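Everything numeric here is computed off the predicted structure, so don't read it as measured data.
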Amino acid sequence: MGSDSTQKFSLFALTAMVVGSMVGAGIFNLPGRFGAATGPFGAMIAWAIAGTGMYMLARVFQALAEKRPDIDSGVFAYAKAGFGNYMGFLSAFGYWLGSCLGNVFYWVLIGSTLGRFFPEIFGDGSSVTAIIVSLIGIWAFHFMILRGVEQAAFINTIVTVAKIVPIIVFILALIFAFNYAQFSENFFGGPGMPEKSLIAQVRDTMLITVFVFLGIEGASVYSRFAKERSDVGTATILGFVGVTGLMVAVTLLPYAVLPQSAIAAVQQPSLATVLEAVVGHWGAVFISIGVLVSVLGAYLAWSLICAEVLFAAAKSDDMPKLFAAQNGNRVPANALWLTNIVVSLFVISTYWSRDAFNFMLDMTSVTALLPYLLVAGYGVLLARSGVGYETTPDERGRDQVFASIAVVYTIIMFIAAGLKYVLLVAVLFVPGTILYFWARREQNLQLFNPTELIVFATTVVAGLIGAYGLLTGIITP
């Protein structure tokens, strides 16, 4: 990906990587998804829970970057250090797979955005034409990235700045149009909405909050490229605070300009429809252009992260050595090829999905939860052990509290997701374990210890149940 002596990311570039990863598709869909689930009161509670949980997770990433500077490429490496080889593999594979699913979601959103203007051609983003356009885009990005990460990272930084502009315009327009009476009417749930308990309202927003926070670990994944190790933690916190402010504003302000029932019924990307209602048709066009720029920029960032995760896992013997190979531009070409082949297959599969848009969004969120849970768990173990805290022993208690709250938060997210998505993730994890077998055989190492064997057996059982549900129609994508 570049030698350490020739390629180093500044604090601004690392922060742009975090912001670029987080501000992608999700933020443009927040009004419609929240409007269908809850009013402003429930939304505030949801953001309080999600913001607290993800802030704690961000602090865990910051602490681990400072206390274990010897661990590079963060996410899966922390899981391996804390819980062993197989859990490290599941974390790496889950993070990579979730990133692939997220990239599929981006292309579905591009299709649905174009479908606003060409409904008969692109439909909801899963039509034949939309799939063909997506496949062309996937492989165009693939060959651009093969030319070198320096060029791709530079483009990401520029796109990150550019795509914030439509969101800022949206926020300013809705602030000027703010109607207190409308906001009050929607506050506990607007008229015409189904009766739902507050707990149910908050639960129904949880997976979307996970999705829009994905990318919080972007700086950690690229920690080995940081000019200063301390920049990794700083970039994570700066990106988190800035993006959270944008997401809360984008979620709450629409309640002050439209009835909740109208927000719930808007076409995605809902940001475009809401702005159109306030300023006219140009608002929908403006936001739609912003969506395309934003999503393509986020797709670039996540393609880089996908390849880097596979590459780093192969370098540490957690994936087959095949994926540690680099081309002449120091890009992990084999990792990139596998990533884009898998993304292409998932894009093709959306043709048979009843609601490809929300299904891919929710699958991405659930798949990311396991790596996050293991990172938080390792944060607890590290603070308890005292390793890395020799010069700052007073920080151990604080960091243990932060990590413990992050563990509780991710477990709650699993519960909120529901059994369906957990089983579907297991369906994907079972065949993925072939890569683990491959890597262990290459090194002539034992496959599992007793604890890992139990984890594997549990995953297989869950995967079989999920596969049975798919085949019988009990579970529908």
Side-chain angles (χ1 to χ4, degrees), residues 1-4 68 70-101 142 145-146 149 217 220-225 302-346 367-368 370-371 374-375 378 425-464:
M1 297 282 285
S3 67
D4 287 350
R68 290 300 307 269
D70 56 308
I71 297 180
D72 285 324
S73 302
V75 181
F76 82 91
Y78 294 137
K80 180 181 178 180
F83 303 99
N85 293 309
Y86 185 54
M87 295 306 290
F89 167 80
L90 286 181
S91 180
F93 182 77
Y95 188 77
W96 170 76
L97 184 63
S99 301
C100 289
L101 292 170
H142 172 85
I145 294 171
L146 284 177
V149 69
E217 69 295 325
S220 179
V221 171
Y222 274 85
S223 58
R224 67 191 180 96
F225 293 122
W302 279 103
S303 292
L304 290 167
I305 288 174
C306 281
E308 176 68 14
V309 169
L310 272 185
F311 170 76
K315 292 287 284 185
S316 61
D317 298 325
D318 295 293
M319 287 281 183
K321 294 177 183 177
L322 175 71
F323 302 116
Q326 294 176 303
N327 66 10
N329 294 317
R330 294 188 176 272
V331 173
N334 291 337
L336 196 64
W337 277 100
L338 178 63
T339 294
N340 287 322
I341 288 170
V342 169
V343 170
S344 297
L345 292 174
F346 276 123
T367 309
L370 178 62
L374 294 174
V375 166
Y378 180 59
V425 167
V427 170
L428 298 174
F429 271 23
V430 173
T433 302
I434 292 171
L435 294 174
Y436 180 74
F437 293 162
W438 182 356
R440 302 297 282 178
R441 290 302 184 193
E442 281 183 339
Q443 304 160 59
N444 294 317
L445 296 174
Q446 177 186 357
L447 286 178
F448 302 112
N449 61 35
T451 302
E452 291 172 338
L453 187 59
I454 293 172
V455 173
F456 174 65
T458 304
T459 304
V460 170
V461 170
L464 290 174

### By side chain to side chain contact (heavy atoms under 4.5 Å, CB included) - contacts of Asp317 (at least two apart)
Gln443
### Message
Within this structure, what is the CG-OG distance for the pair Leu310 and Ser99, rounded to the nearest 0.5 Å?
### Response
9.5 Å
### Task
Could you please spell out the steps behind the side-chain contact (heavy atoms from CB on, under 4.5 Å) verdict for Leu97 and Phe346?
CA-CA 11 Å; Leu97 184 63; Phe346 276 123; 4.0 Å; yes
### Query
Minimum heavy-atom separation for Ala335 to Ala307, with atom names?
CB-O, 3.7 Å
## Note on the structure
Hits for ring-ring contact (aromatic ring centres under 6.0 Å, His included) against Phe456, two or more places apart or cross-chain, chain-then-number order -> Phe437, Phe448
### Lys80 side chain near Tyr378 side chain, heavy-atom distance below 4.5 Å
no
## Note on the structure
Sorted by chain and residue number, the side chain to side chain donor-acceptor pair (under 3.5 Å) partners of Thr339 (sequence neighbours excluded) come out as Trp96
### Task
Using the test ring-ring contact (aromatic ring centres under 6.0 Å, His included), find all partners of Phe323 that sit at least two apart in sequence or belong to another chain.
none
### Query
What closest approach, in Å, do Ala314 and Pro320 show between heavy atoms, and which atom pair accounts for it?
CB-O, 3.4 Å
### Task
Please report the closest heavy-atom contact between Asn327 and Ala333, naming both atoms and the distance.
CB-CB, 4.2 Å
#### Entry: side chain to side chain donor-acceptor pair (under 3.5 Å) partners for Ser316, two or more places apart
Asp318
## Note on the structure
What one should report as the nearest heavy-atom pair of Val427 and Gly463 is CG2-O, 3.4 Å
### Summary
Between the CZ atom in Phe89 and the OG1 atom in Thr433, the distance rounded to the nearest 0.5 Å is 5.0 Å
### Partner residues of Leu322 under the side chain to side chain contact (heavy atoms under 4.5 Å, CB included) criterion, sequence neighbours left out
Asn334, Trp438
## Note on the structure
Residues at least two apart in sequence or cross-chain that pass side chain to side chain contact (heavy atoms under 4.5 Å, CB included) with Leu464, listed by chain then number, are Val460
### Query
Mind checking what makes side chain to side chain contact (heavy atoms under 4.5 Å, CB included) contact with Val455, not counting sequence neighbours?
Tyr86, Met87, Leu90, Thr459
### Task
Write down the atom of Gly94, the atom of Thr367, and the distance for their closest heavy-atom approach.
O-CG2, 3.0 Å
### Task
Can you run down the salt bridge (charged side-chain N to carboxylate O under 4.0 Å, His left out) pairs that involve residues 430-446, sequence neighbours left out, and say none if there aren't any?
none
### Message
To the closest 0.5 Å, what do you measure between CG (Leu101) and CG (Leu428)?
### Response
6.5 Å
### Message
Can you tell me how far apart SG (Cys306) and CG (Asn340) are? Round to the nearest 0.5 Å.
### Response
8.0 Å
### Task
Could you tell me whether a side-chain N or O of Asn329 sits under 3.5 Å from a main-chain N or O of Val331, the two making a donor and an acceptor?
no
### Query
Can you name the residues that form a side chain to side chain donor-acceptor pair (under 3.5 Å) with Asn85, not counting sequence neighbours?
none
#### Entry: side chain to side chain contact (heavy atoms under 4.5 Å, CB included) partner of Met319, the single match among Tyr436, Phe76, Phe93
Phe93
